[in-house]
Structure formats: structure tokens, C-alpha cells
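To start, the structure under review is shown below, and the notes come after it.
Remember, predicted model here, so these are calculated numbers, not experimental data.
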Amino acid sequence: MVKEELEVAVLGAPVSPVPHSSVPMTPTVINIHSETSLPDHVVWSLFNTLFLNCFCLGFVAFAYSVKSRDRKMVGDLTGAQSYASTAKWLNICALVLSLLLIIGFIILLATGTVMSLQAFSQMVKDHGGY
């Protein structure tokens with residue numbers, strides 16, 4: 001026997017508030033509307049604004065994220081979804097462009113270091129160490 005069945009068997013049938021009432025009991029249904037989970041990407045936009053603000057895309061994404069949050073608070077889910085989608089794509093563009101710029105800078109820094117070491121060694125070789 002399942003635990004719930006055991007408890008029902010032990011406790012017995014529910015007792016009506018009025019003994020021997022001829023009115024049938026009707027169930028009460030309460031509909032609870034769950035809050036729709038709609039991401040507004042505010043944290044991601046704030047991160048891009050503070051750290052990876054390539055071409056000010058992070059700031060624009062942050063503005064769209066705030067607009068999305070405002071629309072969600074008002075109850076306009078379609079408008080909130082539209083602003084959130086725009087913020088998401090702006091965040092993706094800001095992230096990709098910033099990563100490409102950082103990788104390019106690292107490559108230029110590494111090749112520039114190698115080239116300067118080669119030029120220094122050539123200069124030392126040509127001038128005899130002085």
C-alpha cells in the first residue's frame with residue numbers, strides 16, 4: 001500500500017462540516033497564473049557595457065535590456081520579447097567583436113615582440129655587440 005493510501009485508510013473519509021447534509025460537495029479550483037519567465041539579459045548587457053564595450057554595443061544592449069524589463073513589468077510580453085531579442089543580438093555582436101579585437105591585439109603583440117627581438121639580434125650582430 002502507498003503511503004498516501006495508508007494515511008487515507010487510517011484517517012478515514014473526510015468529514016463534512018454539517019453532518020448528514022444533502023447538498024453535494026463541489027470542488028474548489030484555484031487557477032494560479034505562473035509568472036512568465038522572459039529573460040531580459042540585463043546582467044549580460046551590464047557586463048558587456050563595463051568590460052567589452054566594443055563600438056558602444058554593450059551600452060545600447062543595456063538600454064534595450066532595460067526597455068525589455070520595463071515592458072515586462074507593464075505586462076506587454078510581446079514588446080518585452082522584441083526588446084530582449086534585440087538586446088541578445090547586440091550582446092552577441094559585442095562579445096564576438098570584442099573577442100576578435102582582443103585576439104588580434106594578442107597576435108599583433110606576439111608578432112611585434114618576435115620582430116623586435118629579431119631586429120635587436122640583427123643590430124647586435126651587425127655592430128659587434130656594442
Side-chain angles (χ1 to χ4, degrees):
M1 204 186 289
V2 182
K3 182 179 179 185
E4 287 83 15
E5 291 176 1
L6 178 63
E7 289 176 3
V8 170
V10 170
L11 295 175
V15 178
S16 67
V18 179
H20 310 297
S21 175
S22 63
V23 178
M25 296 184 68
T26 59
T28 304
V29 178
I30 300 174
N31 292 327
I32 299 174
H33 298 286
S34 63
E35 194 171 315
T36 305
S37 175
L38 184 66
D40 50 15
H41 309 293
V42 171
V43 175
W44 188 11
S45 299
L46 186 62
F47 176 80
N48 281 338
T49 300
L50 295 176
F51 298 110
L52 304 172
N53 201 10
C54 180
F55 305 116
C56 292
L57 290 176
F59 180 72
V60 176
F62 184 70
Y64 274 97
S65 297
V66 170
K67 285 183 178 183
S68 172
R69 182 169 281 184
D70 290 344
R71 292 283 96 201
K72 188 169 55 171
M73 293 305 234
V74 170
D76 180 16
L77 295 181
T78 306
Q81 179 67 36
S82 174
Y83 284 126
S85 176
T86 304
K88 178 181 175 182
W89 283 107
L90 287 170
N91 280 322
I92 289 171
C93 290
L95 181 66
V96 168
L97 287 174
S98 296
L99 288 177
L100 287 175
L101 284 174
I102 290 170
I103 290 171
F105 180 74
I106 290 172
I107 290 172
L108 286 175
L109 185 67
T111 57
T113 303
V114 169
M115 295 300 284
S116 63
L117 285 175
Q118 286 177 350
F120 182 71
S121 65
Q122 183 67 30
M123 184 177 67
V124 168
K125 182 177 161 185
D126 289 343
H127 295 294
Y130 294 106

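In terms of heavy-atom proximity, Ala94 sits nearest to Ser98 at O-OG, 2.8 Å.
In this structure, CD on Gln81 lies 9.0 Å from NZ on Lys88, to the nearest 0.5 angstrom. The structure places CG of Leu95 at 9.5 Å from CG of Leu100, a figure rounded to the nearest 0.5 Å. Of the inter-residue distances, the one linking Leu109 atom CG with Ile102 atom CD1 reads 13.0 Å to the nearest 0.5 angstrom.
A donor-acceptor distance shorter than 3.5 angstrom exists from the side chain of Ser121 to the backbone of Gln118, with no hydrogens or angles considered.
Within the structure, no pair that satisfies the salt bridge (charged side-chain N to carboxylate O under 4.0 Å, His left out) test touches residues 104-124, not counting sequence neighbours. Sorted by first then second residue, the side chain to side chain donor-acceptor pair (under 3.5 Å) pairs that include residues 99-117, not counting sequence neighbours, number zero. Counting only residues at least two apart or in different chains, ring-ring contact (aromatic ring centres under 6.0 Å, His included) contacts with residues 85-122 are absent. Within the structure, no pair that satisfies the salt bridge (charged side-chain N to carboxylate O under 4.0 Å, His left out) test touches residues 99-111, not counting sequence neighbours.
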Given Trp44 and Ile92, is the side chain to side chain contact (heavy atoms under 4.5 Å, CB included) satisfied, shown in steps? CA-CA 10 Å; Trp44 188 11; Ile92 289 171; 3.5 Å; yes

May I have the step-by-step check of side chain to side chain contact (heavy atoms under 4.5 Å, CB included) for Arg69 and Tyr83, ending in yes or no? CA-CA 9 Å; Arg69 182 169 281 184; Tyr83 284 126; over 6 Å; no

Please tabulate, one pair per line, all N/O donor-acceptor pairs under 3.5 Å involving side-chain atoms of residues 45-66, not counting sequence neighbours.
from	atom 1	to	atom 2	distance (Å)
Ser45	OG	His41	O	2.8
Ser45	OG	Ala61	O	3.3
Ser45	OG	Ser65	OG	2.7
Ser45	OG	Asn91	OD1	3.4
Ser45	OG	Asn91	ND2	2.9
Asn48	ND2	Asn91	O	3.3
Asn48	ND2	Asn91	OD1	2.9
Thr49	OG1	Ser45	O	2.7
Thr49	OG1	Gly58	O	2.7
Thr49	OG1	Phe59	N	3.4
Asn53	OD1	Gly58	N	3.2
Asn53	OD1	Phe59	N	3.4
Ser65	OG	Asp40	O	3.1
Ser65	OG	His41	O	3.2
Ser65	OG	Ala61	O	2.9

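Every residue two or more places apart in sequence or in another chain that forms a salt bridge (Lys or Arg N to Asp or Glu O under 4.0 Å) with Asp76 is listed here: Arg71. Taking Gln122 as the reference, Asp126 meet the side-chain hydrogen bond (donor to acceptor under 3.5 Å, both in side chains) condition, with sequence neighbours excluded.
Chaining together hydrophobic side chains whose heavy atoms lie under 4.5 Å apart leaves Val114 on its own. Hydrophobic cluster membership for Ile103: Ile107 (Ile, Leu, Val, Met, Phe, Trp, Tyr linked by side-chain heavy atoms under 4.5 Å, directly or transitively).
Grouping the Ile, Leu, Val, Met, Phe, Trp and Tyr side chains by contacts below 4.5 angstrom, directly or via other members, places Ile106 apart from Leu101.
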